[in-house]
Novice: 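I am attaching a structure below and will ask some questions about it afterwards.
Counting convention: from 1, in listed order, for ligands and their atoms alike. Model, not experiment: these values are computed from the prediction.
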Amino acid sequence: MARIQSIRGMNDILPDETPRWQYLEEKVRVLLARYGYREIRFPIVEQTELFKRSIGEVTDIVEKEMYTFEDRNGDSLALRPEGTACCVRACEQNGLLHNQQQRLWYQGPMFRHERPQKGRQRQFHQIGVETFGMNGPDIDAELIIMTARLWRELGILDSLTLELNSIGTSESRQAYRQALLGYLSQFESQLDEDSRRRLGSNPLRILDSKVPETQALLKDAPVLSDYLDETSKQHFDGLCARLEAAGVSYRLNTKLVRGLDYYGLTVFEWTTDALGAQGTVCAGGRYDGLVEQLGGKPTPAVGFAMGVERLCLLMEALSVAPETPALADVYMVAIGDAAELAALTLAEKLRDQLSVNVLLNCGGGSFKSQFKKADKSGAAVALVLAEDELASGKVAVKALRDADKAQQTIMLDEVADMLRQQYFSN
Ligand code: ATP
Ligand code: MG
């Protein structure tokens, strides 16, 4: 029978790769706690309308990338393409935004129907951070400084560039929109199809176009920074001053707009050359209008999301990930029913008394085959339970990585102490 394959662009993360993921996730978890962020979890499926209303109808995500389906009730649902809208929905619905500040984070799979390639999947994973109720550049700065610390701790900071821009208040963007429209209309026929369509609906998104001909046309286009009003400028200057004070360097990128509609003022991306075309590992910005847009009270908000696959690829490319830990510290070898039972009990006892990983041989096998597995497990020591020694309450102890350590036979109830003293003293 034909084998059933996974869905294109939706990858398995195999046991050899999970240590890198766990290492990254643990670093993030500890770091976020140090800044006072709390985890929130929300469903993977939401009403399609949530994303249409937040991300925007005229965006790549909503136009082309969303996994939308009708459920059995005929409701239109979508696999979440990102977390911000879900987070706002969850906070709003549960009263977390009422007269309060929130510093939150989440992690999990996101779904976008894109062309799969290196660093681009259809199911990918994000770790996202969102804050609510703080309107100053201080919190924008905190988020960025926090990410810089994470990159430093992961050993990838030197390969990353912080790209920063302000896309201004909605008044500023309105003025700029007109100017950009005026400029681009002259070249309408030369624009790529998507951009031509966006001319009428969302011209700022054209700045983000990946089509080289369109980018060439944009060379002499009006620049957003020339249209920033006083409020926008003050916010941006405040952010830049704080980044400088914290020693976080950045590159101004006046074309950075981000692919989602809800952003205003601060936008930023961390990018690298080390991953080819999919070089953005983390992206975010301020979205003061979104909560209201989704039916809540006006609430200042700023956040970002990092792409876990791309960060793992970068860690791999730079060889900064930790070595895969050994599967076990102790391997239990046993032959015969009584010995197997004794091995099981001893393994439980060792797990009670020592903080070591104990791998119990299951499924029988000769001494030779069990020792082969013991060796492969990476364990430092094998405990050998055999009928004759067991009869006198004894167990053989064999070092697996240290040729200088002689094999010894000791009493069962001395094993824990011996292991603690001779093998796992630190
Ligand atoms: P891109 O320009 O690469 O398509 P984006 O602007 O669509 O990215 P965001 O919506 O800002 O991405 O998501 C934040 C981060 O999530 C990205 O910077 C990236 O690291 C990661 N990401 C987004 N889409 C994918 C994907 N299809 N596969 C893997 N990672 C992704
Ligand atoms: Mg995208």
Novice: Mark up the atoms of ligand 1 that fall under 4.0 Å of a heavy atom belonging to Ala305, in ascending order.
Specialist: 14 (C), 15 (C)
Novice: If we count only N and O atoms by modelled type, under 3.5 Å, do the side chains of Glu142 and Tyr37 hold a donor and an acceptor together?
Specialist: yes
Novice: With a 4.0 Å cut-off on heavy atoms, is Gln126 touching ligand 1?
Specialist: yes
Novice: If we only consider heavy atoms of Arg120, is any one of them less than 4.0 Å away from an atom in ligand 1?
Specialist: yes
Novice: So how far is it from Leu218 CG to Ser195 OG, rounded to the nearest 0.5 Å?
Specialist: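 So the CG of Leu218 and the OG of Ser195 are separated by 7.5 Å.
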Novice: Which atoms from ligand 1 have a heavy atom of Thr280 less than 4.0 Å away?
Specialist: 17 (C), 18 (O), 19 (C), 20 (O)
Novice: Looking just at side-chain N and O atoms, do Glu171 and Thr169 make a donor-acceptor pair shorter than 3.5 Å?
Specialist: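 Yes, a side-chain donor-acceptor pair sits under 3.5 Å.
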Novice: Show me which atoms of ligand 1 lie under 4.0 Å from any heavy atom of Ala283.
Specialist: 11 (O)
Novice: Does a side chain donor of either Thr131 or Gln101 reach within less than 3.5 Å of an acceptor in the other side chain?
Specialist: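 The criterion, which ignores hydrogens and geometry beyond distance, is not satisfied for Gln101 and Thr131.
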Novice: Out of Gln121, Gln123, Gln278, whose heavy atom sits nearest atom 29 (C) of ligand 1?
Specialist: Gln121
Novice: Excluding sequence neighbours, so at least two apart, what forms side-chain contact (heavy atoms from CB on, under 4.5 Å) with Arg122?
Specialist: Arg8, Met10, Tyr67, His113, Pro116
Novice: If you measure from the Lys or Arg side-chain nitrogens to the Asp or Glu carboxylate oxygens, is any gap between Arg29 and Glu26 under 4.0 Å?
Specialist: yes
Novice: Looking at ligand 1, does Glu65 have a heavy atom less than 4.0 Å from it?
Specialist: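 False for this residue.
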Novice: Which of the atoms in ligand 1, numbered in the order shown and given with their element, are less than 4.0 Å from a heavy-atom of Arg112?
Specialist: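 Per the distance check, 5 (P), 7 (O), 9 (P), 10 (O), 12 (O), 13 (O), 23 (C), 24 (N).
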Novice: For residues 68-80, pull every pair meeting side chain to side chain donor-acceptor pair (under 3.5 Å), keeping only residues two or more places apart or in separate chains.
Specialist: Thr48-Ser76
Novice: Counting from 1, what ligand 1 atoms have a heavy atom of Lys210 closer than 4.0 Å?
Specialist: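 Those atoms are 2 (O).
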